[in-house]
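Proteins come first, then strands; the chains are lettered A, B, ... in the order of their sequence lines, and each starts at number 1.
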Amino acid sequence: MNHLLVLPILLPLFTGAFLLLFNEKASSHKRVCSTAATLLLLPLSAWLIAVAGQGQFLTYALGDWPAPFGIVLVLDRLSALMVMITAVLASAAMIYAIRGDDARGRNFHALFQFQIAGLNGAFLTGDLFNLYVFFEILLIASYALLLHGSGRERTSAGLHYVLLNLLGSSLFLIAVGTLYGLLGTLNMADLARRITQVNPVDAPLIAAAGGLLLLVFALKAALLPLYFWLPRAYAGATAPVAALFAVMTKMGVYSILRVYTLLFGPEAGELAQLAPPLLWPLALATLALGSVGALAAKQLQELVAYLVLVSVGLLLAGLSLGRTESIAACLYYLIHTTWITGGLFLLSDLLARQRGDTGSALVAGPPLNAPLLLSGLFFFGAVSIAGLPPLSGFLGKVLILRSATLPEARWLWPVLLLSSLGLIIALSRAGSTVFWRTQAVEPTHRKVDGWRVFAVAFLMSGSVILVVIAKPLTRYLDQAAEQMMSPGAYIEAVLQETPP
Amino acid sequence: MELLFAITLGVLTTSGLYLMLRGRTFPVVLGITLITYAVNLFLFAMGRLITGAPTIIGPDRDYTDPLPQALVLTAIVISFAMTAFVLVLSIKALSELGNDHVDGADR
């Protein structure tokens, strides 16, 4: 048993608890400690990717209780990938935050670390109830982070976010309870095995529990009827927090992918294919409405929040195609969109700082101090997220379009292409307003902070790297998708391993 | 006993849902609380309702499933913390926004 597997959870958890011991304000010691812990996740996640890339499943039985009885952590290609995405995003958000945003409220660093612990735990766990617990950890950290910096707008957006998620958690528990009552286990691999042999009388109840889980995950992912909390919450959050939240919706997407390939996957008999018929129309509608929202956005940060929605719609539409190639394509797009929307959240804050009272509102403001640098970054991010060649957004969208076969492709192609057109219009309108339609007044003479620019550029450069390493990366993702589509190996690895 | 239990759960959940759909934060928080009560009882019932049996497998053949009780304990702690948080948040919203409407403004 390799204890390194539990480190992505324990490291931020202990760092967060340690940071709570000191006074509430952000001091330089706390910054160093928190940043070091966040950056340490990078080599750790690289190691996880290297291990998972060899195709083996790494399991870690907590407290040495064997699999269906105790809680297990399971590392496969997908969870390693998600931990890596989080580590990169969190590092950039942390670098941005220590330039001053962390001092706008109390205990920022501890909360940030707890949020990362919750995310990593949710990605690595192999137990459904444990998934709920990690969801709660990351949610309660996110409630407090969302309110970081205070302000009327944040409080009122935060209230909606908290209440909705509390209801979501209750539904999650009902679903978990139903599954336990009928199947007598909470280990996801064990659940998957028992669902294949389920008594037909119980099948409708299990389907109901599966539907409830889908509802909860769709709320986290912000799918159509459940997304109205997102734009206000994300537009209101402090920039590094909003950037870290870019991975929160992907958390919902990950859970949908995990549960509906493993529990209700191709081998689940009459319970297979529970999610796709529901997801498909809603995901397409989210994709379309997200771009409409982007066109109507009055603020830069709100625009980026709608970009998150568009990406969720596209990801879930791609996943509900249910083919190995489409899952691999979606994973590629998932990496791209998480990093770039995170970068754009940071960039829009960087711009708002330059524009004085105008802030991030999309109206004519004072000229910027470093127009070439900032507009260059914005142009790069816009090209990438809208899906124009040669950056990763283009490649991701092409991969998803190519993986669609005929009956579905007839819907996916027009909706995706039209929403991309909407995004190009929205982004070019926003860009020309911010950079060209300036009032004839003196620039605000605020210096552009070098480290903040570095954090933005760090995330944006991911777009180039994803294209450069596209070949080995897509090979890894293809294998990850194959792992997802044949859950047999996962189940065997979790249940039959005898701890040494 | 099962019937009584089920009716209790139903009443708690419907009252909770009704209160959650109200416009003021206090009834909404009460609604959330009722729903979490219902959920905790539901989780508890998923180990089946057995009276007078130990929660460990001993020489007796009768035993109660201990796992749902452990789950309920976790769920109680979490829902308690969340309720406390949402109460504080509502008070903060009341003082910052000047009213107790969930949207932050009376329509």
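- In terms of heavy-atom pairs under 4.5 angstrom with chain B, the leader among A:Ala157, A:Ser169, A:Gly177, A:Gly184 is A:Gly177.
- Residues A:Tyr180 and B:Asp65 meet the side-chain proximity criterion, which asks for heavy atoms closer than 4.5 Å.
- The two residues B:Ala93 and A:Thr155 make their nearest non-hydrogen contact at CA-CG2, 3.6 Å.
- With a 4.5 angstrom heavy-atom cutoff, B:Leu43 touches chain A only via side-chain atoms.
- The two residues B:Leu97 and A:Ser156 have their closest heavy-atom pair at CD1-CB, 3.7 Å.
- Between A:Leu186 and B:Leu67, some side-chain heavy-atom pair lies under the 4.5 Å cut-off.
- Remark: B:Met82 CE to A:Asn165 CG distance equals 8.5 Å, nearest 0.5 Å.
- Taking a 6.0 Å sphere around CZ of B:Arg22, one finds it holds 12 or fewer heavy atoms contributed by other residues, nucleotides or ligands.
- Per-residue heavy-atom pair counts under 4.5 Å with chain A were compared for B:Thr74, B:Val29, B:Asn40, and the maximum is reached by B:Thr74.
- For residues 227-238 of chain A, an interface with chain B (any heavy-atom pair closer than 4.5 Å) does not exist.
- In this structure, B:Met46 and A:Leu182 have side chains that are not in contact, with every pair of non-hydrogen atoms separated by 4.5 Å or more.
- For A:Phe18, the ring-ring contact (aromatic ring centres under 6.0 Å, His included) test picks out A:Phe22, with sequence neighbours left out.
- Residues B:Ile78 and A:Tyr132 form a side-chain contact, since some pair of their non-hydrogen atoms from C-beta on lies under 4.5 Å apart.
- Surrounding OH of A:Tyr143 are more than 12 heavy atoms belonging to other residues, nucleotides or ligands, all under 6.0 Å away.
- Interface with chain A: from residues 31-39 of chain B, residues B:Ile32, B:Ile35, B:Thr36, B:Val39 qualify, criterion being any non-hydrogen pair under 4.5 Å.
- Remark: B:Phe26 CZ is loosely packed, at most 12 non-hydrogen atoms of other residues, nucleotides or ligands lying under 6.0 Å away.
- Atom CD1 of A:Ile174 and atom OG1 of B:Thr13 lie 6.5 Å apart (nearest 0.5 Å).
- Ranked by non-hydrogen atom pairs under 4.5 Å with chain B, the options A:Val176, A:Leu139, A:Leu173 are led by A:Leu173.
- Contacts of B:Thr83 with chain A are absent, with no heavy-atom separation under 4.5 Å from either backbone or side chain.
- Of all the listed residues (B:Pro68, B:Gly16, B:Ala75, B:Ser79), the one sharing the greatest number of non-hydrogen pairs under 4.5 Å with chain A is B:Pro68.
- Within residues 114-128 of chain A, no residue approaches chain B closer than 4.5 Å by heavy atoms.
- One distance of note links CZ of B:Phe85 with CG of A:Leu147; it measures 5.5 Å at 0.5 Å rounding.
- Of the atoms belonging to B:Val28, it is side-chain heavy atoms, and not backbone ones, that fall under 4.5 Å from chain A.
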